Amino acid sequence: MSTLHTVNKSPFATQTLMSCLNHCKDGDAVLMIEDGVYGALANSGMADFVRAKSASLAIYVMSPDTAARGLAEDKLLGEVSGVDYAGFVDLVAKHDRTQSWL
Amino acid sequence: MSTLHTVNKSPFATQTLMSCLNHCKDGDAVLMIEDGVYGALANSGMADFVRAKSASLAIYVMSPDTAARGLAEDKLLGEVSGVDYAGFVDLVAKHDRTQSWL
Amino acid sequence: MKIGVVVSEGPYTHQAADTAYHFVKAALDGGHEVPRVFFYHDGVNVSTRLSVPPQDERHIQNNWTNLAKEHDIDLVVCIAAAQRRGLLDENEANRQGKDANNIADGFRISGLGQLIEMGIQTDRLVTFGD
Amino acid sequence: MKIGVVVSEGPYTHQAADTAYHFVKAALDGGHEVPRVFFYHDGVNVSTRLSVPPQDERHIQNNWTNLAKEHDIDLVVCIAAAQRRGLLDENEANRQGKDANNIADGFRISGLGQLIEMGIQTDRLVTFGD
Amino acid sequence: MSDVKKFLYVNRKAPYGTIYALESLEVVLIGAAFEQDVSLAFLDDGVFQLTKGQNTDGIGIKNFSPTFRALGDFEVTKLYVEKDSLEERGLSPDDLQEIMYEDEDDDWEEKPSIRLVSRAEMADVMADQDVVLSF
Amino acid sequence: MSDVKKFLYVNRKAPYGTIYALESLEVVLIGAAFEQDVSLAFLDDGVFQLTKGQNTDGIGIKNFSPTFRALGDFEVTKLYVEKDSLEERGLSPDDLQEIMYEDEDDDWEEKPSIRLVSRAEMADVMADQDVVLSF
């Protein structure tokens, strides 16, 4: 049993990503969507925290959203995998429940 | 010449209060309204920061908003003064410009 | 798999209604069922037929109307949330003594029970909001 | 003193339209002028005449309509923001080929220039948003 | 899967500044009629929804906080409140309303509906659900 | 007070997730016709509005970032960008679009519109305005 968590807020604007990551269980997945994709930036003040969490969580980012915002792959954490909307659907199906962190 | 800054977000949810206080000039006023009034809590993790800023800034809180949220006076920082809507208007008139931190 | 979807924010202002639309399309393309989309909070504003976005922008409400027709999706607008915000169908307008209505084709107004029912009857529930 | 006011969020969802209302009343009571209130972003949703809030809740749109009548306030709804979100007056509805309109009494639809003009012509400008 | 599902309503936002808290409560009340296994989670700014002494006269918005005390009548009796969230905000459990229910399985004894949990326990509650609705 | 006022448009939000960035730009474009003294401030997540290489095909929303490059034609030439905000996000000035204008007071020389400022300098810019519009 595992959960897919989605986060759609910038971690520099709100505490949402922080709260989400602090409530995940080992083996859960986190998908950053919309403005949430800024949480995948490799050189930001949030990067170490996200990287540390990736040891026990699978962390994904919506590629259409990173492209929209001009975030090239080499700007993103290597520990975070890009998915498209079909991949989003697969993650929803694969995990037992989805929790949206709004 | 001075500015009235308004903040309407909880400092536990967003970075808005932090950003506002870090962009104020000495002699400016900050008015916490709506969910921004939680920034006036005396025993929170934000209290020391707000208290320190009150040395060079006049910090106000909307009393109708604190009452709505059940925040009794003795829960609030002594450095923060309560005002009502008329007091809000007076602050707008007294300062040269108003900047809303949204 | 049956996937239920909740949209909690209005069109254009937040990306939620766009992301939900792309998600639902991808779910249908992937062979899943999306029997119902429930519009709550400012999400009810998606259902207006009066919006006129600029020609070079997507038409969010039309996209939903067309997708729902093509795939037989039940687009439910919460009545309590809609009343507060001024979204009415013809019946509601008559009942409330209003001289106009503004709900688009393919959307229907109903109660919050439809949200709970969707939670019970689907295998997954995904919320798009702010 | 002349004070201009901007409302950037819709009714009920955010407190902005309420706070702005209480602020404007207090400004008028305090002897100031509020020549215009400009509704932008989701703030345009305040202007709908179709909302039916529960009986024990305040009626945000009616409050604005009444305040504007009493004190001759120019309530301006941004046309670009309103078109996206489905707020139309009779003229706009005709021009756009829409079969209904939904703007309340006391509000008028106009361009963003009215916002800049308000900034130029008032002594203070205060924004209520999210 | 049994025909009763576990529903969790997650409340992370403060009251009055936005409508999410009120409209969450409206879902909970309607949902109660469906006889599912309902829990409410209050974390982050959601804990502010439960403060006592709310008086909204000055802002002209209806005070809906008394409704929480009526939830027991709708058999909504599990309100999980995160201790860590309270502490970060300088609140103690005494700052919250007393919310009670009558336990039909225990001779209708009055019991508190609020269950204080740690952040780790809140994560366990969340992971034990079939349907999670976020507000 | 002179008949030209100093207008500052404050941009603190990221693009696309919400509409504020786009609708701010729409005000700037209309406002340009009024011949006021216009400045734009980009701080906090507002700096994300100026990143280069934005491609919105995948999300179906119009890419409005090229419009920033047209601002010079509207005599909007002062775009203050906060260095501290860039650094906290792991961005450098090279990650931003090049935005130029032709300086009519200097033989139409091409000059950069983006002015990198420290947080303290941004506070000075804000304190030097007649009208502040926040998005």
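In this text, all values refer to a predicted model and were calculated from it rather than measured experimentally. Labels below follow one simple rule: chain letters A, B, ... track the order of the sequence lines, proteins then strands, and each chain is numbered from 1.
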Inter- and intrachain pairs under side chain to side chain donor-acceptor pair (under 3.5 Å), touching residues 19-28 of chain D, at least two apart: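 Only B:E34-D:T19 qualify under side chain to side chain donor-acceptor pair (under 3.5 Å).
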What's the separation between atom CG in C:N45 and atom OG1 in D:T48, rounded to the nearest 0.5 Å?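 So the gap between those two atoms works out to 9.0 Å.
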Sort by residue number and list every member of residues 56-71 of chain C having a non-hydrogen atom under 4.5 Å from chain D.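 The stretch touches chain D at C:E57.
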Sub-4.5 Å heavy-atom contacts with chain D: which residues of residues 94-107 of chain C show up?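 So the qualifying residues are C:Q96, C:K98, C:D99, C:A100, C:N101, C:N102.
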For chain C, which residues from residues 73-87 of chain D have at least one heavy atom closer than 4.5 Å to it?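 Interface residues of residues 73-87 of chain D: D:Q83, D:R84, D:R85, D:G86.
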If you take all heavy atoms of D:L50 and C:L88, which pair is closest and at what distance?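 Heavy atoms only, the tightest pair is O-CD1, 3.5 Å.
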